[in-house]
Amino acid sequence: MALKGVKVVEFAGLAPGPFAGLVLADNGATVVRIDKPSSTFSPDILCRNKRSLAINPKTTSGLEVLKKLIISSDVLIDPFRPGVMERLGLGPDVFLGKDGSPGLNERLIYARIVGFSPTGPHKNMAGHDINYLALSGILSMLPGSDDRPAFPLNLLADFAGGGMICALGIILALFERNSCGLGQVVNADMVSGARYVSSFPLLHHMNASTGTFAGKRGTNLLDGGAPFYNIYVCSDGGCMSVGCLEPQFFKTFIERFVNALPTEFKREFGWIPDSSTQSDRDKWPKLKEFMELGFRTRTRDEWGAVFMGTDACAVPILTPEEANDLESSGKPFPLPHPKISSQGMGREPSESSTIQLPPGKHTEDILRELGLTEIEYQRLVQEGAIYSYGSKL
Amino acid sequence: MALSGKKVLEFAGLAPAPFAGMLLADNGASVIRVDRPFATTLDVLCRGKRSIAINSKIPSGRELLKRLVASSDILIDPFRPGVLERLGLGPEVFLGSSGLNQQLIYARIVGFPRTGPHKNMAGHDLNYLALSGVLSMLPGSVNKPAFPLNLLADFAGGGMHCVTKILLALLMREQTSRGQVVDVDMVSGTRYISSSPLIHRLHPSTGRFPGKRGTNLLDGGAPFYNIYTCKDGGLMTVACIEPRFFKNFLERFCEALPKDFTSSEKWQGVVNDSVQESRELWPTLQLFLETGFSMLTRDEWGKVFFGTDACSVPVLTPEEASELSSSLGSAPQIAFNDRSASCFLNPGEHTREVLVTEFGVPENEYERLLEEGAIGESK
C-alpha cells in the first residue's frame with residue numbers, strides 16, 4: 001500500500017485529527033494515537049488499524065520517550081490550539097530545526113490542524129465545526145429555512161475541510177520529501193479548508209455574472225431554487241432526490257413522473273408540465289407545487305421503481321442502514337475509498353477493532369518496539385508517565 | 001511546488017473533475033483541460049489550467065488524444081463507464097502489458113459505483129448523497145433534510161478524494177515505476193468522508209446519533225449546537241458542547257441581556273450550567289436562546305463572544321468571509337479580487353500553444369487537424 005512503512009504519531013483529539021490519521025492508516029501507514037494515561041475511555045470511533053500509547057508528556061521521562069518516538073516517526077498530527085505543543089517542548093522547531101540550528105528529525109512532516117486560522121483574530125478561541133463554517137462564508141449560502149441555513153452535521157469543516165485537507169497536505173509533503181529529503185510543517189485550519197472545498201459556490205457567488213449563485217439563498221439552481229434539483233417527500237414520509245439539471249435528463253424525468261401519476265391527480269391539478277417547463281422560470285413555482293403534491297401520491301419505493309435504470313436523475317434517499325446494504329460489503333461502516341487498483345482489497349479492517357480503541361491498549365508493545373529497557377519502562381510507571389494497562393482492569 | 005513537472009490531462013466535465021484538476025494545478029502540476037471544439041463552459045475551477053480543444057469523433061483527433069495521454073502523468077476521466085474505452089482510450093491501451101504509458105495514473109470519477117445497479121444511470125450530487133445514507137441524517141425541516149449545495153458528493157467525496165488517491169498512486173509509482181487506475185465513485189466517497197456520523201449511527205450504543213434526525217447532538221437536537229436568528233436577521237452560531245464552554249457561553253449570554261428578561265420565572269430552570277445535562281429542559285433552553293438572540297443584532301452578539309471560549313461566532317456572508325480570509329494571508333486563497341486570476345478558461349485557448357510549441361506538432365499537420373475539425377481554437 002502507498003503508505004506502507006510510514007510511521008504516524010497522532011495526538012488524540014476530536015474529529016479532524018483522527019480522520020486524518022484514519023486516511024493514513026487506511027492507506028498502510030502505522031498510526032499510534034497518543035492518549036493521556038488518565039483517560040479510561042476514548043469516544044473516538046475513527047480508530048481502526050491504529051494503536052494507542054497512553055503517556056504523560058508533562059513528566060520528564062514521558063516527554064523523553066515521546067520525543068524518541070517522534071524522532072523515529074515520519075508524520076506527527078497536532079490537533080491542539082496554537083502554542084500547546086510548544087509549551088510541552090514538542091513544537092516544530094524542536095524537530096525541524098530553526099535558524100540554522102538543527103532539529104531532531106528534519107524529515108518529520110509536522111501537521112497542525114486547528115479550527116480558526118492560527119494567525120487570525122480568533123486564533124485563541126475555542127470553537128467547533130459550525131463556528132468555522134460560519135466564518136467561511138459558505139454557511140450563509142446553504143439551503144435551509146427562510147430565515148436561516150441548515151448545517152450538514154460537522155462534515156464540511158471537521159472532515160472535508162479539516163481531516164481530509166490535513167491528510168492531503170501530509171501526502172503532498174511526503175511527496176516533496178521524496179525529492180528534497182526534508183519534512184515541513186503542514187498548516188491546516190478549518191475555516192480555510194471549508195472555503196477551499198467550497199471553491200465552486202464561493203467563486204460563482206463572487207462572480208455573479210456566471211448566474212449560478214447570483215441570487216439570494218434558496219433561489220439558485222443548486223440550493224433549492226430550482227424544482228428539478230431538490231428533495232421531495234412521498235406518501236409514506238420517505239424522500240426522493242431529484243437532480244435532473246440537463247434538458248435531456250429533465251425530459252426523461254418529467255415524462256416518467258407525469259406518466260406515473262394517478263389520472264385523478266392530473267385532472268384535478270389541471271396543468272401538466274413538459275420538457276419545455278424547465279426553461280420557463282415563471283412556471284417554476286407551479287412546477288414545484290405539481291411535484292410536491294405529485295410525489296405525495298406514491299411511496300418512496302414506488303417512485304424509486306419508476307425511475308430506476310433511467311437517466312431521470314431521481315433516486316430514493318436511503319437511511320444509513322439501507323445505504324450500508326447497498327454497499328454489500330457486509331461491514332457496518334463505510335469502506336476506505338477510493339480504491340487504487342494495485343491495492344486489491346487493501347487492508348481489510350477487522351470487525352473487532354473497528355470502533356473502539358481503549359486508551360493505552362498498546363502502550364507496552366509500542367514502548368518495547370521503541371527499544372525501551374525494563375528499567376526505563378519502570379521509571380515511566382513510577383513517574384506516572386504511563387499507567388500499566390493491566391492495572392486498569 | 002510539490003507537483004511541479006507533473007503533467008495532467010483533465011477531460012472537461014462537471015464539478016468533481018475540474019476540482020481535482022484545480023487541486024493538482026494549485027500544487028504546481030501542469031494541467032491541460034481537454035474540451036470539445038466550440039464547447040461552452042461554465043467551469044470556474046480553472047485557474048492555472050490551459051485548454052486544448054479536440055474533436056474525439058474524428059480519427060485524427062482520437063490519435064492526437066492518444067499521443068497526449070501517452071505523454072502525461074495523470075489522466076482525469078469524468079465520463080460514464082465505457083466512454084473512453086469506446087474512443088480507444090481505455091486503461092489497457094496505456095497500462096496494459098504492451099501499454100503506451102505504463103507510468104500513467106488513470107483516475108476515473110463517476111457518481112454511482114461502477115459495479116452497482118445504478119452504474120449506467122445519469123445522476124448528480126444530490127442523488128449520490130441520497131444513496132450514501134448521510135443525506136437522511138442531515139438537519140433540515142421536520143419532514144425532510146436540507147442538502148449542502150453540491151459540496152459533499154461533488155467536491156469532498158468526489159474531486160478531493162480523487163486527488164488524495166492520485167497522490168498516493170504517485171507515491172507508489174516512485175517505488176514501483178508503474179502507474180495504475182484510481183477509481184472514485186461519489187456515493188462511496190461521500191460515505192467515507194461521512195464515516196463518523198455513519199459509524200455512530202450504525203452503532204447506536206455510542207450515543208452520538210442514536211435518535212431520529214434532528215434530535216441528536218450535532219444535528220440540531222441540542223440547543224447549544226445550532227444557529228440562531230438575531231434582531232437584524234443576521235445569524236449567530238452556538239457550539240459550546242463542552243461543559244466549561246457552555247458555562248462560559250451562558251454567563252456572557254445572560255450578562256448581555258436585560259435583567260428583567262433573564263430573571264423571568266419562565267427561564268428559571270434553564271439559566272444555570274446544569275441545564276446541559278437535563279434533556280427535558282432543552283426545549284425551554286432553545287426558546288430562551290431563540291428569544292434572547294432576537295433581542296440584539298448579529299454584530300452586537302459577535303462582540304459579546306469575541307475572544308472568548310463561548311464557541312459562538314457570527315455567520316458571515318461570502319463577502320465578509322473573503323475579507324476576513326484575505327486579511328490573514330493564510331493559504332489557500334481564493335483570489336476573488338484578482339482579475340488576472342481569470343474566472344473562465346475558454347475552450348481551445350491553448351490548443352496551438354500546447355500542440356505546436358510544446359508538443360512539436362509541425363505547422364502543416366496542425367493546419368490539417370484544424371481543417372478536419374479534429375481540433376479547435378478559441379476566438
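Proteins come first, then strands; the chains are lettered A, B, ... in the order of their sequence lines, and each starts at number 1.
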Novice: Would you mind checking which part of A:P18 comes under 4.5 Å of any heavy atom in chain B, side chain (CB onward), backbone (N, CA, C, O), both or neither?
Specialist: neither
Novice: Specify whether B:F147 and A:Y229 have parallel, tilted or perpendicular ring planes, treating 30° as the upper limit for parallel and 60° as the lower limit for perpendicular.
Specialist: perpendicular
Novice: Report the option among A:A312, A:C239, A:G211, A:G137 that has the most heavy-atom pairs separated by less than 4.5 Å from atoms of chain B.
Specialist: A:G137
Novice: Let me know if A:A314 has heavy atoms under 4.5 Å from chain B in its side chain, its backbone, both or neither.
Specialist: backbone
Novice: So what's closer than 4.5 Å to chain A heavy atoms on B:N248: side chain, backbone, both or neither?
Specialist: neither
Novice: Check whether A:E321 gets within reach of chain B through its side chain, its backbone, both or neither, counting any heavy atom under 4.5 Å.
Specialist: both
Novice: Answer with side chain, backbone, both or neither: which region of B:S312 has an atom nearer than 4.5 Å to a non-hydrogen atom of chain A?
Specialist: backbone
Novice: B:E320 versus chain A, heavy atoms under 4.5 Å apart: side chain, backbone, both or neither?
Specialist: neither
Novice: Under 4.5 Å from any heavy atom of chain A, what part of B:P145 do you find: side chain, backbone, both or neither?
Specialist: both
Novice: Roughly how far, to the nearest 0.5 Å, is CE of A:M1 from CE of B:M172?
Specialist: 8.5 Å
Novice: Quick check on B:L95 against chain A: is it the side chain, the backbone, both or neither that has a heavy atom closer than 4.5 Å?
Specialist: neither
Novice: Does the side chain of B:L149 reach to within under 4.5 Å of the side chain of A:L142, using non-hydrogen atoms?
Specialist: yes
Novice: Count the heavy-atom pairs under 4.5 Å between each of A:V191, A:L22, A:T212, A:N124 and chain B, then report the option with the highest count.
Specialist: A:L22
Novice: What is the ring orientation for A:F19 with B:Y192, classed by angle as parallel under 30°, tilted 30 to 60°, or perpendicular over 60°?
Specialist: tilted
Novice: With distance as the sole test, does B:T164 use its side chain to make a donor-acceptor pair with the main-chain N or O of A:L168 at under 3.5 Å?
Specialist: no
Novice: Sort B:M236 into side chain, backbone, both or neither according to what part of it lies under 4.5 angstrom from a heavy atom of chain A.
Specialist: neither
Novice: Side chain from CB out, backbone as N, CA, C, O: work out which of these in B:P117 comes under 4.5 Å of a heavy atom of chain A, or both, or neither.
Specialist: both
Novice: Checking heavy atoms, do the side chain of B:S132, its backbone, both or neither come under 4.5 Å from chain A?
Specialist: backbone
Novice: Could you go step by step and tell me if A:S140 and B:L316 meet the side chain to side chain contact (heavy atoms under 4.5 Å, CB included) rule?
Specialist: CA-CA 6 Å; A:S140 71; B:L316 302 183; over 6 Å; no
Novice: Quick one: of A:L139, A:L133, A:D158, who has the most non-hydrogen atom pairs under 4.5 Å with chain B?
Specialist: A:L139
Novice: Given the rule in the side chain to side chain contact (heavy atoms under 4.5 Å, CB included) test, do A:F175 and B:E174 qualify, once you have shown the distances and angles that lead to the verdict?
Specialist: CA-CA 9 Å; A:F175 197 73; B:E174 302 206 316; 3.8 Å; yes
Novice: CG of A:D146: more than 12 outside heavy atoms within 6.0 angstrom?
Specialist: no
Novice: For B:S195, is it the side chain, the backbone, both, or neither that has a heavy atom closer than 4.5 Å to a heavy atom of chain A?
Specialist: both
Novice: Please work out which of the three classes, parallel, tilted or perpendicular, describes the rings of B:F155 and A:F200, given edges at 30° and 60°.
Specialist: tilted
Novice: When you measure from the side chain of B:K144 to the backbone of A:I231, do you find a donor-acceptor pair of N or O atoms at a distance under 3.5 Å?
Specialist: yes
Novice: Can you tell me which portion of B:F306 sits under 4.5 Å from chain A's heavy atoms? Options are side chain, backbone, both or neither.
Specialist: both
Novice: Here's a test for you: under side-chain contact (heavy atoms from CB on, under 4.5 Å), which of B:L218, B:V238, B:V313, B:T237 qualifies with A:I130?
Specialist: B:T237
Novice: Heavy-atom pairs under 4.5 Å with chain B - which of A:P143, A:A150, A:G243, A:G127 has more of them than the others?
Specialist: A:P143
Novice: State, with a plain yes or no, whether a side-chain heavy atom of A:R148 is found less than 4.5 Å away from one of B:V315.
Specialist: no
Novice: Can you say whether B:N27 sits under 4.5 Å from chain A via the side chain, the backbone, both, or neither, judging by heavy atoms?
Specialist: side chain
Novice: Side chains of A:L14 and B:E242: closer than 4.5 Å at any heavy-atom pair?
Specialist: yes
Novice: For B:M160 and A:A160, which heavy atoms make the closest approach, and how far apart are they?
Specialist: CE-O, 3.1 Å
Novice: Using non-hydrogen atoms and a 4.5 Å limit, figure out which bit of B:P197 sits close to chain A: side chain, backbone, both or neither.
Specialist: side chain
Novice: Give, as side chain, backbone, both or neither, the part of B:L14 having an atom under 4.5 angstrom from any heavy atom of chain A.
Specialist: side chain
Novice: Contact part of B:E319 toward chain A, heavy-atom cut-off under 4.5 Å: side chain, backbone, both or neither?
Specialist: both
Novice: Taking the side chain as everything from C-beta on, heavy atoms only, tell me whether A:D147 gets closer than 4.5 Å to B:L235.
Specialist: no
Novice: Can you tell me which portion of A:N220 sits under 4.5 Å from chain B's heavy atoms? Options are side chain, backbone, both or neither.
Specialist: neither
